[in-house]
There are 6 protein chains.
Amino acid sequence: MTNEPSIAPTEVPPASGPSAPAASPSGPESRRARGEYYLGRITGTAGSNVIDSLQDMAPELGHWIVDFAYGDVFAGTAISLRTRELATVSALTALGNAQPQLKVHIEGALNVGCQPEEIIEVILQMAVYAGFPSALNGIGAAREVFAGRGIAMPRRAPGAA
Amino acid sequence: MTNEPSIAPTEVPPASGPSAPAASPSGPESRRARGEYYLGRITGTAGSNVIDSLQDMAPELGHWIVDFAYGDVFAGTAISLRTRELATVSALTALGNAQPQLKVHIEGALNVGCQPEEIIEVILQMAVYAGFPSALNGIGAAREVFAGRGIAMPRRAPGAA
Amino acid sequence: MTNEPSIAPTEVPPASGPSAPAASPSGPESRRARGEYYLGRITGTAGSNVIDSLQDMAPELGHWIVDFAYGDVFAGTAISLRTRELATVSALTALGNAQPQLKVHIEGALNVGCQPEEIIEVILQMAVYAGFPSALNGIGAAREVFAGRGIAMPRRAPGAA
Amino acid sequence: MTNEPSIAPTEVPPASGPSAPAASPSGPESRRARGEYYLGRITGTAGSNVIDSLQDMAPELGHWIVDFAYGDVFAGTAISLRTRELATVSALTALGNAQPQLKVHIEGALNVGCQPEEIIEVILQMAVYAGFPSALNGIGAAREVFAGRGIAMPRRAPGAA
Amino acid sequence: MTNEPSIAPTEVPPASGPSAPAASPSGPESRRARGEYYLGRITGTAGSNVIDSLQDMAPELGHWIVDFAYGDVFAGTAISLRTRELATVSALTALGNAQPQLKVHIEGALNVGCQPEEIIEVILQMAVYAGFPSALNGIGAAREVFAGRGIAMPRRAPGAA
Amino acid sequence: MTNEPSIAPTEVPPASGPSAPAASPSGPESRRARGEYYLGRITGTAGSNVIDSLQDMAPELGHWIVDFAYGDVFAGTAISLRTRELATVSALTALGNAQPQLKVHIEGALNVGCQPEEIIEVILQMAVYAGFPSALNGIGAAREVFAGRGIAMPRRAPGAA
């Protein structure tokens, strides 16, 4: 009998709201539209708040986030949004010097359908690859996000010792 | 019409070879057995070569890798091995100071059924979160691994600009 | 006449409290017992508070801290606990992204018998190897810990310019 | 019966060669003399080779290494040279991006009387605080240094599992 | 017609206050005098406040900052103080783990005559080389500094998209 | 008499070759044209070689480098190309985990008119902000680049001790 992990839940397309614009055109209107779609899909209103807050100091950084980070990079279709967000949570946990952005992407992972247990497990994996402090501080970030969303943590799955 | 990414391919249980030992018992024999299973499943023979090479200098580090990293941490069942390896590839790409281990886990991602395009895409995501040098050097690591395995890279999926 | 540094003070075994369990058995009860011993010896009650706080989100991380970090890694006998803690303080100062854990281990260094001057000196060494910001921020962490413990800092030893 | 680690071996003053100049004077001749003493004491001839190699490009960096790093920072007497070198080895292992300097200080630790087992143990400690890749790469650096010095590694002390 | 960037404004020597002491003598009085000059020129009173705050815990770190960091390293004349401060702002933004010092040097850049737009632009450059989180957090640091100085940000120069 | 650093040499517009395309249009043809201009201006042929080498594995990363990194980010006109490259050299030196890219930008700094002494001085500044290993390894990268270009290093300017 195998106890290999079961397949993670299927990603459910958004029940409401716009669909993603066509990925391939690279003109400014398409990149902007696609970027705004993914920014909202992943970060809810938090992302546009960040963009707005940049208007005084560095509006171009806001454009680059929408057009490049979310418009170009998120256009790739080889991985799901869930995998993309779990990858970002892992990396930001490992780096340990970007806690505001880590929280944004823990929220993002939840927004695109990741389960809290999945998020916790990629953070814990970082205990091996970046050390226990990075994992502890990542769990701290997740705790804040989960509390803010009223997520009550159940006991972990039986695979945990 | 939506162009949200399709679901990543289903993870196929190993066609041959041993199944994972039961996850929950935490005694030394179980941790060792589980760790050796996952070490082999993910790293092929590369992992056990590393463990063997540690026998002279630091055998306990070898034990910790098998028992803790692969025995305890990999026992979690909330995420698939594919997600786990993509998370690790992302983090090691972002850190940029562990290229030997990054190559091991690019191999590992392939070994557990990730597609080359999936691996490339999580590496590219790191251009946003850790900078272009980290992504360039991660692609360099992937190039070495893919060449060693005779993987000919097709043109990327149309979602890429 | 030489002014090579004198030998650091002898480590004094704990005046009271339990002795460390035998190091070698690797079964779960032994690892747990040894880990709990060292967790308490080094972190006082702070460590068990951290473990308790993990019960909701990630109890397995708490187990790994006790069993692996303190049970397995601290079982090595080639270095004293004082050296071990000074090494950890140095590394966390250099990394600069784990200030909560740095404070825990500055406390830990004091708990196992390090002098405040020893702690300060390994932190200052990091000005050379990781830069002045890391050393300044490490001194800031030490200041908080020393103040909380009522440690009044004397003038530094004459070897300081 | 306790199995707390025994006290690390006493640091033995150099059997031959110059003694350290008086620590306190801060004039250029004193800093230079003290720095050259410690540079040689710790790095053998490797350090002066580095200083010489800087003459073409950046002679002032060579001066700063001798006068500041070894003249000023190493003048502190609260910790022994052994502790200082073990702290540096730990930090450079954790940082993972300074392997040439890590090897210099593994050599340095041996030169000032650290045992190979002590060096290995502080490197292994970094598996907890900076992740397994940092410890693996640190062991790799130590392996090169030990081989170059003909150090045959015995089995580790019984505290190791 | 070219739109290559125009030359950045000329650095204006201080209208009042002392001139820099002669650079070359390396005796303690000269290093101290030169260091105190540059510390004040760059950090205003913030730097001497930091030095004062170190008197209890680590006065030698204060000496090293004045004598070495500002006395020796800033004595180089191949680059202007403006370039030096912009380089430091870039590096501290990229490192992402030294926000207090980043703010000191954003202030420092303004103090030596950098325009706010120059500071913002080197921070934004770090989105490419260290990732968007580092640039976002650097802009956050700049926002605090600019607000504290009553700097109202105009719209960015037309080269920005 | 002041010995404040003199103003760095004026940046001379390219004597031949294309001028930079107009900065403001953000359409794909303009971004591409501007990016290719700056890629060549800064990296010579090295940059286009990197882009070509990405065609098999990750052509989109090549597009992002040209269009975003060099097309969008380099379009800012508040700083000169010389300042931009010195900032990048500083940051990559401090990070210490991107030596291939550091060499590209040391070359780039020379290509846009920086003097070797300016490059060395920003690298040396990193001894203060990121530690001596980062500066040593940065000087090593510069040595390789300068040797490859037949740059014979003169003695440093008198401001150096």
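Residue numbers begin at 1 in each chain, while the letters A, B, ... track the order of the sequences. Since we're looking at a predicted model, the values are computed, not measured.
- Contact record, C/Tyr129 with D/Leu95: O-CD1, 3.8 Å, taken as the closest heavy-atom pair.
- Within the 3.5 Å criterion, the main-chain N or O of D/Ala78 finds a donor-acceptor partner in the side chain of C/Glu121.
- Considering all non-hydrogen atoms of both residues, D/Leu124 and C/Val73 come closest at O-CG1, 4.5 Å.
- Between D/Ala87 and C/Ser90, the shortest heavy-atom contact is CB-OG, 3.1 Å.
- Annotation: the span from C/Ile79 atom CD1 to D/Arg82 atom CZ amounts to 11.5 Å, rounded to 0.5 Å.
- Residues C/Phe68 and D/Val128 meet the side-chain proximity criterion, which asks for heavy atoms closer than 4.5 Å.
- Here D/Leu92 contributes atom CG and C/Met126 contributes atom CE; the two are 7.0 Å apart, rounded to the nearest 0.5 Å.
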